[in-house]
Trainee: 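Below is the structure I would like to discuss, written out as structure tokens.
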Protein chains: 2
Amino acid sequence: MLRASHIIYENATKNVSENKGGCPMVSIKDIASKAGVSISTVSRTLNHYADVNPRTRDKIFKIAKELNYFPNAVARSLVQKKTHTIGVFFGNKTNSGFDHPFFQDVISAVREVVGNAGYDLLVFTNKNKERATYTTLSKERSVDGIVLLLTGEGKKWDHQLTELQESGIPCTAIDVPLVGEKCGFVESDNFSGAKQAIEHLISLGHTTIAFIGGDEISKTSFDRLRGYQQALMDHKLGLDPTLVRLGYFIKEKAMEETRNLIETGKQITAFFAASDEMAMGVIEALTAIGLRVPEDVSVVGFDDIREAAYFRPALTTIRQNKYKLGSTAAEVLLKIIENTGPSSCPVVLPCELIVRESTAACSRRE
Amino acid sequence: MLRASHIIYENATKNVSENKGGCPMVSIKDIASKAGVSISTVSRTLNHYADVNPRTRDKIFKIAKELNYFPNAVARSLVQKKTHTIGVFFGNKTNSGFDHPFFQDVISAVREVVGNAGYDLLVFTNKNKERATYTTLSKERSVDGIVLLLTGEGKKWDHQLTELQESGIPCTAIDVPLVGEKCGFVESDNFSGAKQAIEHLISLGHTTIAFIGGDEISKTSFDRLRGYQQALMDHKLGLDPTLVRLGYFIKEKAMEETRNLIETGKQITAFFAASDEMAMGVIEALTAIGLRVPEDVSVVGFDDIREAAYFRPALTTIRQNKYKLGSTAAEVLLKIIENTGPSSCPVVLPCELIVRESTAACSRRE
DNA sequence: TTGTAGGCGTTATCAG
DNA sequence: CTGATAACGCCTACAA
């Protein structure tokens with residue numbers, strides 16, 4: 001049934017050594033001389049200018065095909081100042097950048113949209129560069145625009161982001177509130193999402209709900225906190241600041257804070273974590289202590305990463321539309337780059353409550 | 001606890017409109033005139049040539065810093081014929097490319113390694129280009145090397161891969177057996193991996209084991225089939241060709257073949273699927289029919305994607321070292337590019353059997 | 001130690 | 001319709 005047709009590759013290396021120098025790189029000059037015309041005629045022909053004699057046009061195209069010519073994008077970029085490239089910056093911390101499933105899904109959507117518009121993606125591997133910033137790296141590479149996929153990165157933000165906003169480089173960020181005429185900004189409705197999560201919990205009878213937040217600097221974290229607080233207030237449940245902890249989007253930190261929270265002795269019947277990974281940590285910590293989810297304690301996460309549905313108990317969570325987040329960011333960016341229409345920013349995408357197994361009616365009598 | 005410090009961004013857009021033209025782009029010419037020296041002196045200074053007067057050197061560096069100069073990578077690439085960029089090609093099919101968790105983990109490792117060596121990643125969004133091939137796109141962009149992250153893509157392979165192998169462009173592929181002096185090739189030991197899977201099943205008492213393979217063209221699929229067959233033969237269990245089906249790495253196809261297989265009426269007690277996603281499909285199909293996993297039927301997958309551990313039953317699978325796959329591919333590529341040492345290819349990485357819950361002792365008496 | 005000159009492959013602006 | 005010619009920003013002999 002299966003055939004070893006891959007074997008065809010094996011002897012395909014016959015005459016590799018011919019052009020050892022690397023790129024033979026046939027240029028318009030070559031095709032010009034072969035066609036007996038000038039360089040500029042070739043250029044105009046290849047760029048589909050109207051004013052060129054059909055006969056010479058055909059000849060040039062024919063020769064171009066024969067010589068297997070294709071334009072040198074680098075040279076073209078140099079003169080046109082357009083690289084057809086979108087730069088992408090990820091966070092540097094482990095598991096919060098290119099290696100995070102959430103951002104991977106987002107960037108995949110970005111790639112699709114910008115790809116259809118003729119752009120490739122340049123993923124910056126910003127390491128070992130001292131004075132380098134988003135702005136300098138982008139200019140250095142002459143990318144046409146950039147997408148920022150950052151998580152809480154610390155203080156250096158202010159500086160770099162301000163510089164970027166003032167740079168005039170078209171950019172869109174996800175979750176990071178960039179403003180400026182060349183800046184776009186897309187995010188989920190974190191406030192309402194968090195509110196939904198808490199309301200779900202409240203409707204289940206929970207009244208003592210802990211919150212494992214993200215960090216203290218990201219808007220994302222802040223909005224989710226606000227949503228948590230608002231829902232509590234709406235239902236006159238009162239805010240207990242000691243019930244709010246920071247997990248920095250790290251599972252282990254979330255586990256630690258969960259333990260701390262339980263040790264306070266408060267009768268917490270539900271946890272809301274600002275990310276699914278933290279929610280998993282909460283559940284793990286709870287289970288280790290001997291508490292059952294959802295029988296004893298309910299847990300809600302945020303994001304709806306792939307693992308959420310498979311985790312056990314399957315995670316009740318707030319789904320972010322990762323594809324839409326990425327595709328919208330890309331669309332907004334393209335609009336900015338190509339000066340098409342107004343930027344209608346920020347774009348705020350709705351979240352969706354996904355009820356699975358980690359939440360249940362509160363069992364504790366009040 | 002959380003502070004709204006993100007607010008600082010909001011008024012940061014004051015003097016954005018200054019350089020509306022886009023990039024002011026200070027060049028070495030600017031530095032030269034300001035320093036009262038020639039362009040080439042500036043160039044040599046900035047490139048740390050030894051033969052430059054300390055005084056003028058200092059002056060030039062000072063001015064460069066003042067003017068916030070940084071080199072134009074495009075211009076530099078044009079003359080140096082080196083872009084410090086690694087191109088990446090993914091498969092085009094949905095869920096088998098940039099959007100597949102397996103490749104995402106691999107590419108993340110690639111990024112890390114090449115990043116440390118000073119290269120950025122150019123993700124090709126090869127769409128709408130007619131005559132374009134890996135080779136032409138790579139030359140057009142003048143990337144220094146490329147990484148191929150492909151799945152069974154069909155016939156066009158032979159052509160493109162042969163062209164690439166002969167092109168002299170440094171490249172490494174994962175799972176695709178490229179050969180040639182500028183080609184690298186990294187894969188998991190699919191044969192032994194599959195063999196381990198079957199031996200695990202056999203040790204559990206299973207004798208009638210079905211195989212849901214990948215496609216008919218990839219070496220990966222072929223090797224896994226061979227491993228399956230070898231293990232069966234080693235244990236004198238005989239090969240039943242009707243027990244081998246193709247799922248093309250697609251969950252739905254795997255489900256379909258599972259149903260077909262069950263309908264044959266053969267007493268199949270175990271399935272080995274060539275990917276975790278297909279294994280999940282097998283389990284879903286089995287469950288839908290009313291068969292329990294692992295009580296009635298055991299299932300083994302391949303890859304160990306993130307979801308595998310969370311799936312229920314948690315998947316027994318053959319783990320591929322995704323990080324190592326990517327990092328090795330990157331290291332091999334860098335060696336080829338920089339002509340460091342021999343290429344010691346192909347690199348074959350060991351797989352590991354991960355026993356979880358989807359396999360159990362065979363319950364059916366023979 | 002420094003400047004001049006030529007070129008990388010294209011595009012763009014002119015005359016002819 | 002076509003062909004010089006000058007950029008683009010940078011590098012690198014070679015000459016001074």
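Letters go in sequence order (proteins before strands), and every chain restarts at 1. Below, all heavy atoms of this structure are taken into account, side chains as well, without hydrogens, waters or symmetry copies.
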Trainee: Consider the side chain of A/Leu78, meaning its heavy atoms from C-beta on, and name the nucleotide among D/dC11, C/dT11, C/dG9 that approaches it most closely.
Mentor: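 Minimum distance to the A/Leu78 side chain belongs to C/dG9.
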Trainee: Has the side chain of B/Thr41 got a donor or acceptor that lies under 3.5 Å from a partner of the other kind on the base of C/dT1?
Mentor: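 In this structure, the two groups form no donor-acceptor pair.
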Trainee: For A/Ser77, answer base if it contacts any base atom (sugar-phosphate contacts may also be present), sugar-phosphate if it contacts only those atoms, and nothing otherwise; contact means non-hydrogen atoms under 4.0 Å.
Mentor: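 No contact.
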Trainee: Among C/dC8, C/dT2, D/dT12, which nucleotide sits nearest the side chain of A/Lys29?
Mentor: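 For the A/Lys29 side chain, the nearest candidate turns out to be C/dC8.
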Trainee: Do the side-chain N or O atoms of B/Thr56 get closer than 4.0 angstrom to the phosphate oxygens (OP1, OP2) of C/dT2?
Mentor: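 For B/Thr56, the contact criterion (side-chain N or O under 4.0 Å from OP1 or OP2 of C/dT2) is met.
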Trainee: State yes or no: are the ring centers of B/His159 and B/Tyr134 separated by less than 6.0 Å?
Mentor: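 Not under 6.0 Å, so no.
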Trainee: Name the orientation class of the two ring planes belonging to A/Tyr119 and A/His84 (parallel below 30°, tilted from 30 to 60°, perpendicular beyond 60°).
Mentor: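 Tilted: the ring planes of A/Tyr119 and A/His84 meet at 30° to 60°.
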Trainee: Would you say A/Asn72 reaches C/dC8's phosphate, i.e. side-chain N/O to OP1/OP2 under 4.0 Å?
Mentor: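 A/Asn72 to C/dC8 OP1/OP2: no side-chain N or O under 4.0 Å.
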Trainee: Would you mind reading off the distance between A/Asn47 atom CG and C/dG9 atom C1', rounded to a whole angstrom?
Mentor: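 Interatomic distance, CG of A/Asn47 to C1' of C/dG9: 12 Å.
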Trainee: Check for a donor-acceptor pair, side chain of B/Thr45 on one end and backbone N or O of B/Thr41 on the other, with a separation under 3.5 Å.
Mentor: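 Yes.
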Trainee: Is B/Lys81 near enough to D/dC11 that one of its side-chain N or O atoms lies under 4.0 angstrom from OP1 or OP2?
Mentor: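 Looking at the OP1 and OP2 atoms of D/dC11, neither is under 4.0 Å from any side-chain N or O of B/Lys81.
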Trainee: Just the rounded figure in Å: distance from P of C/dT1 to CD1 of B/Ile60.
Mentor: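 It is 13 Å, rounded to the nearest whole Å.
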Trainee: Starting at the 5' end of DNA chain C and moving along, which residue's nearest nucleotide shows up first, A/Arg76 or B/Ala50?
Mentor: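 This one resolves to B/Ala50.
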Trainee: At under 4.0 Å, does any side-chain N or O of A/Tyr49 touch on OP1 or OP2 of C/dT13?
Mentor: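 Looking at the OP1 and OP2 atoms of C/dT13, neither is under 4.0 Å from any side-chain N or O of A/Tyr49.
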Trainee: Please report the distance, rounded to the nearest Å, between CD in A/Gln80 and C1' in C/dT10.
Mentor: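 It is 8 Å, rounded to the nearest whole Å.
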Trainee: Roughly, in whole Å, what's the span from CD1 in B/Ile28 to P in D/dC8?
Mentor: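 The distance from CD1 of B/Ile28 to P of D/dC8 comes to 12 Å, rounded to the nearest Å.
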Trainee: Determine the contact category for B/Val37: base if any of its heavy atoms lies under 4.0 Å from a base atom, sugar-phosphate if only primed atoms, P, OP1 or OP2 are that close, otherwise nothing.
Mentor: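 Touches sugar-phosphate only.
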Trainee: Rounded off to whole Å, could you give me the CZ-to-P distance for the A/Phe70 and C/dG9 pair?
Mentor: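 To the nearest whole Å, that distance equals 12 Å.
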Trainee: How close or far is atom P of C/dG6 from atom CD1 of B/Ile39, stated in whole angstroms?
Mentor: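 The answer, rounded to whole Å, is 15 Å.
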Trainee: A/Lys335 and A/Glu331: salt bridge (charged side-chain N to carboxylate O under 4.0 Å, His left out), yes or no, with the steps?
Mentor: CA-CA 6 Å; A/Lys335 257 191 198 167; A/Glu331 283 159 7; over 6 Å; no
Trainee: Would the distance check show the side chain of B/Thr328 and the main-chain N or O of B/Leu325 forming a donor-acceptor pair, the cut-off being under 3.5 Å?
Mentor: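 Absent.
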Trainee: I'd like to know if the side chain of A/Ser167 reaches the main chain of A/Gln165, judged simply by a donor and an acceptor atom lying under 3.5 Å from each other, with no hydrogens or angles considered.
Mentor: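 No: the side chain of A/Ser167 does not pair with the backbone of A/Gln165.
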Trainee: Determine the contact category for A/Asn53: base if any of its heavy atoms lies under 4.0 Å from a base atom, sugar-phosphate if only primed atoms, P, OP1 or OP2 are that close, otherwise nothing.
Mentor: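 The answer is sugar-phosphate, as A/Asn53 gets under 4.0 Å only of primed atoms, P, OP1 or OP2.
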Trainee: Taking OP1 and OP2 of D/dG3, is either one under 4.0 Å from a side-chain nitrogen or oxygen of A/Ser38?
Mentor: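 Answer yes for this pair, as a side-chain N or O of A/Ser38 is under 4.0 Å from OP1 or OP2.
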Trainee: Quick one: label B/Asp51 by what it contacts on the DNA or RNA (base, sugar-phosphate, nothing), any heavy atom closer than 4.0 Å.
Mentor: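 B/Asp51: base contact, heavy atoms under 4.0 Å.
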Trainee: Mind checking if B/Val52 touches a base, just sugar-phosphate, or nothing, with heavy atoms under 4.0 Å?
Mentor: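 Sugar-phosphate, backbone atoms only, no base.
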Trainee: Return the value, rounded to whole Å, for the distance between atom CD1 of B/Ile31 and atom P of C/dG3.
Mentor: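 The answer, rounded to whole Å, is 14 Å.
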Trainee: Return the value, rounded to whole Å, for the distance between atom CE of B/Met25 and atom P of D/dA7.
Mentor: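 Taking atom P of D/dA7 as the reference, CE of B/Met25 is at 19 Å.
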Trainee: Do A/Ser40 and D/dA4 have a side chain to base donor-acceptor pair shorter than 3.5 Å?
Mentor: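 Yes.
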Trainee: Closer to the 5' end of DNA chain D via nearest nucleotide, is it B/Ala75 or B/Arg44?
Mentor: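 Here B/Ala75 is the residue nearer the 5' end.
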